[in-house]
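Notes to accompany the following structure.
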Amino acid sequence: MNYEYYKIFYYVGKHKNITRAAVELYSSQPAVTRAIQNLENELGCRLFVRTKTGVEFTHEGQTLFDYVRIAHSQILKGEDELNHSISAENGTIYIGTTVTALHGFLFGIIDDFHSEHPNVKFKINTGSNNGTVEKLKTGIYDVAFVSTPCNTGKSLTTVTVREFNDILIGGNNFAELKDKTVALSDIGNYPYVCLRHSMQLRQFIDDIFAENDIALTPDIEADSADLLVPMISHNFGLGFVPQYMAETAIRRGEVFKVNIDSDLPKRSILMITDPHHPQTNASREFVKLITKNIKKAAE
């Protein structure tokens, strides 16, 4: 079945004129005539007869047109509904993010965007850097947010949206460290909490320890960055966390910053898009707002 023939049949029947149908279809009169002839050959009957002013339906043509007109109407309604759903005001944005990026950037920007586009919906999934990037490449996500270190490859568009510091914190059972500066090599003298292997913060801290020839075995490993502060506040051990994730607990006196003898390099939160997959209107506006905020912050 060639649906293009039925589209052409609809417009010829609508106008009862091949020339006017060709104009609306941005086609030529011979092409429209051939399409109608091909459809008639496929169906084994005549659909139109010529008149002085154009064409008229045969009985079979009128019967078919009554159904095709309904189908055409439903298709147009479907297109209108689709356009409505993917508009910048009513669409859905599919986001992949790490927990670190979610807390460090994404919550705030979603709040700003939602105030301007209240009808846009968000589908947010958290995961590792690698898993998030791979799902972006397959088109599951419109946009992704990850934290460094991260190898995104050259095929993706990457923008730094925020830099941040990681700090060492402890619970109140380790209060004797509040007025001290702890050497990296001495952290192993205390219970130590960290993320599991392959996660970005764990990789980052392990690399720093390796550069300083420090071997450290964690006492507790977590599988999500947002578990670190609660575990440390319950005195399971010292641990490194993004500073912004610890600020509320520090203000409440649940944990405190432990001074160390080495400044850790800054890390970054990255926004990643895949130019090989089209953006919806809503996700395009979301990325545009983020880009605008980055430029404003740089001024």
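Numbers here are sequence positions counted from 1.
- No more than 12 heavy atoms of other residues, nucleotides or ligands lie within 6.0 Å of NZ in K135, so this atom counts as exposed by the packing criterion.
- Judged purely by atom type and a 3.5 angstrom limit, D111 has no side-chain atom pairing as donor or acceptor with the backbone of F107.
- Centroid-to-centroid, the aromatic rings of F174 and F256 stay 6.0 Å apart or farther.
- The environment of NZ in K257 is sparse: at most 12 heavy-atom neighbours from other residues, nucleotides or ligands sit within 6.0 Å.
- For the atom pair K121 NZ and Y94 OH, the distance stands at 10.0 Å (nearest 0.5 Å).
- Between N17 atom CG and Y11 atom OH the span is 15.0 Å, to the nearest 0.5 Å.
- Checked by atom type and distance alone, the side chain of S73 never pairs as donor or acceptor with a backbone atom of R69 at under 3.5 Å.
- Rounding to the nearest 0.5 Å gives a distance of 12.0 Å between OG1 of T273 and CZ of F286.
- The backbone N or O of L227 sits nowhere less than 3.5 Å from a side-chain atom of S224 that would complete a donor-acceptor pair.
- With rounding to the nearest 0.5 Å, the separation of CG in D223 from OG in S128 is 11.5 Å.
- E24 and H15 form a side-chain donor-acceptor contact under 3.5 Å, judged by distance and modelled atom types alone.
- Within 6.0 Å of CG on N151 lie no more than 12 heavy atoms contributed by other residues, nucleotides or ligands.
- The backbone N or O of N173 lies less than 3.5 Å from a partner atom in the side chain of N235, making a donor-acceptor pair.
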Please tabulate, one pair per line, all N/O donor-acceptor pairs under 3.5 Å involving side-chain atoms of residues 176-190, not counting sequence neighbours.
{"residue": "N189", "atom": "ND2", "partner": "D186", "partner atom": "O", "Å": "3.4"}

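- The shortest distance between side-chain heavy atoms of L43 and L64 falls below 4.5 Å.
- Between atom CD of residue E211 and atom OG of residue S262 there is a gap of 10.5 Å, rounded to the nearest 0.5 Å.
- Of the possible polar contacts, none joining the N129 side chain to the M199 backbone as a donor-acceptor pair under 3.5 Å is found.
- No donor-acceptor contact under 3.5 angstrom links the side chains of S268 and T160, judged on distance only.
- Taken to the nearest 0.5 Å, the CG atom of D166 stands 4.0 Å off from the CZ atom of R267.
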Anything under 3.5 Å between a donor and an acceptor, one on a side chain of residues 243-251, the other on a protein residue two or more places apart or in another chain? List them.
{"residue": "Y244", "atom": "OH", "partner": "T100", "partner atom": "O", "Å": "2.6"}
{"residue": "T248", "atom": "OG1", "partner": "R251", "partner atom": "NH2", "Å": "3.4"}

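- Side-chain N or O atoms of H277 include one that pairs as donor or acceptor with a backbone N or O of K137 at under 3.5 Å.
- With hydrogens and angles disregarded, a donor-acceptor distance shorter than 3.5 Å links the side chain of D274 to the backbone of H276.
- Side chains of K7 and L25 form a contact here, defined as non-hydrogen atoms less than 4.5 Å apart.
- In terms of modelled atom types and a separation under 3.5 Å, the side chain of H234 and the main chain of P230 share a donor-acceptor contact.
- The shortest distance between side-chain heavy atoms of I18 and R50 falls below 4.5 Å.
- Between F240 and the choices V258, L195, I169, I260, the side chain to side chain contact (heavy atoms under 4.5 Å, CB included) rule is met once, by I260.
- Looking at N38 and E42, their side chains never bring a donor and an acceptor atom within 3.5 Å of each other.
- Remark: side-chain polar atoms of D219 are paired, donor with acceptor, to backbone N or O of Y192 under 3.5 angstrom.
- For the pair S283 (side chain) and Q279 (backbone), a donor-acceptor distance under 3.5 Å is absent.
- Side-chain atoms of T291 and V159, non-hydrogen and from C-beta on, never get closer than 4.5 Å to each other.
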